[in-house]
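This chain uses plain numbering: 1 for the first residue, then up along the sequence. Keep in mind that what you see is a predicted model, and the values were worked out from it rather than measured.
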Amino acid sequence: MTPDGIDPERIPVHVACVMDGNGRWAERRGLPRTDGHAAGEQALLDTVDGALELGTQWLTVYAFSTENWRRPADEVRYLMGFNESLLMRRRDELHAKGVRVRFIGRRDWRVPRRVLRRMDEAVELTRGNRRMTLTLAFNYGGRAEIIDAVRSMLAEGTSPDKITEKRLRKHLYAPDMPDPDVVVRTSGEYRISNFLLWELAYSELVFTDVLWPDFRREHLFEAVREFQHRDRRFGGVQARGTA
Ligand code: FPP
C-alpha cells in the first residue's frame, strides 16, 4: 500500500539524494566524523527500502564527490574502505531485493583497485535486477561528467555541428538513466554541489534540515509528497489542475 497522502499514480521514477550532514551529526555527539558516515549506512538502507515500497525505479545517491579528495587523508581512506565494506556486507541483501547496483563517476587512479573490484563485483552480481536501480555516484562530479562526455564525443570524431543535447546525453556515465524527478538534499544546505548538473535541469529540489544519518523512509515519503504538490512545466505553460 502506498504511504498516506502519496498519489500512487505519480510516484517519481527517479529520486536522487545528496546525503549531507554526516560530519555534523557525529560532531554534535562528540564522535569522529567517520562515525557519521558509518551511521549513514542505516539511512541509506532504509531509504532504499522506502523507495522500493513506493515503487520508485531509480534511486541515485552522492557517496563521494570529485571534491571530497580534499578532505583529511584518514577520512578519504575511511570512505574508500567504507564503500568497499558496505558493498561486501550489503550486496547479497540488495540483490535479494531485486536492486541493480551501478556506479557513476571517474574510475581514476585515486580509487584503490580493490575498491574498484568490489564495485565491479556488485554491478556484475546485480546486473539482471530490474525492480530498482541504485546508482552510487562515487568519485563523481557533474562538471567532470560533462567534460568526459565532450571528450568522448571528440574522441569519436564528432564534428562541432553534430554536438547536440541528444548526442551529449548518449555520452554521459549512464545514458539510459532517466533525469531525476526530484533531488533531495539533507542537512539544511541549499546547494547542488556539482551533483548531476546535466541531468537535474528540470528536477524538483527538496531540502530538509534532517542530517543524513537521521534520514529514514518517512523523510523520503515527505519529500515525495512535496514533489507531488509541485507544478512541473518543463519550461512550458500548464494551467494548474490539468496535469
Ligand atoms: C556528506 O556529509 C557525506 C559524504 C561525503 C559521504 C556520504 C556517504 C555515506 C552516507 C555512506 C555511504 C558511502 C559510501 C562510500 C558508499 P559531510 O561529511 O559533508 O557532513 P558535514 O556537511 O556535516 O560535514
What's the verdict on side-chain contact (heavy atoms from CB on, under 4.5 Å) for F215 and T47, showing C-alpha distance, side-chain angles and the deciding distance? CA-CA 8 Å; F215 196 85; T47 302; 3.4 Å; yes

Taking only residues two or more places apart in sequence, or in another chain, which ones meet R102 in a salt bridge (charged side-chain N to carboxylate O under 4.0 Å, His left out)? D176

Output, in order, the C-alpha distance, side-chain angles, deciding distance and verdict of side-chain contact (heavy atoms from CB on, under 4.5 Å) for R71 and N68. CA-CA 6 Å; R71 293 187 173 210; N68 286 156; 3.4 Å; yes

Specify whether H14 and W58 have parallel, tilted or perpendicular ring planes, treating 30° as the upper limit for parallel and 60° as the lower limit for perpendicular. tilted

Are the charged groups of D108 and R106 less than 4.0 angstrom apart, N to O? no

Should the pair R117-E84 be classified as a salt bridge under the 4.0 Å nitrogen-to-oxygen rule? no

Could you tabulate the donor-acceptor pairs under 3.5 Å formed by side-chain atoms of residues 196-211, not counting sequence neighbours?
| residue | atom | partner | partner atom | Å |
| --- | --- | --- | --- | --- |
| S203 | OG | P180 | O | 2.7 |
| E204 | OE1 | R230 | NH1 | 3.0 |
| T208 | OG1 | V210 | N | 3.1 |

Indicate yes or no: at least one non-hydrogen side-chain atom of F103 is less than 4.5 angstrom from one of L87. yes

Does the plane of the ring in F64 sit parallel, tilted or perpendicular to the ring in W69? Use 30° and 60° as the thresholds. perpendicular

Under 4.5 Å between any side-chain heavy atoms of Q228 and R10, yes or no? yes

Nearest-0.5 Å distance, CG of residue L54 to CD1 of residue I11: 5.0 Å

Checking R28 against W25: charged group under 6.0 Å from the ring centre and within 45 degrees of the axis? no

Not counting sequence neighbours, which residues clear side-chain contact (heavy atoms from CB on, under 4.5 Å) with R77? List them please. A73, D74

Partners meeting side-chain contact (heavy atoms from CB on, under 4.5 Å) with L125 (sequence neighbours left out): R91, D92, H95

Taking the side chain as every heavy atom from C-beta outward, state whether R127 and R100 have any pair of such atoms under 4.5 Å apart. no

Does R110 CZ have over 12 foreign heavy atoms under 6.0 Å away? yes

Can you check whether N129 reaches T126 side chain to side chain, under 4.5 Å on heavy atoms? yes

What residue pairs, at least two apart or across chains, pass salt bridge (charged side-chain N to carboxylate O under 4.0 Å, His left out) with a residue in residues 161-172? R169-D179

Which residues satisfy the salt bridge (charged side-chain N to carboxylate O under 4.0 Å, His left out) test with E218, sequence neighbours excluded? R225

pair R185-S193: side-chain heavy atoms closer than 4.5 Å: yes

Regarding K97 and D49, does a basic nitrogen lie under 4.0 Å from an acidic carboxylate oxygen? yes

State the CZ-CG distance between R89 and L94, to the nearest 0.5 angstrom. 11.0 Å

Is any side-chain heavy atom of L86 closer than 4.5 Å to one of E41? yes

For residues T135 and L59, determine if any side-chain heavy atom of one lies less than 4.5 Å from a side-chain heavy atom of the other. no

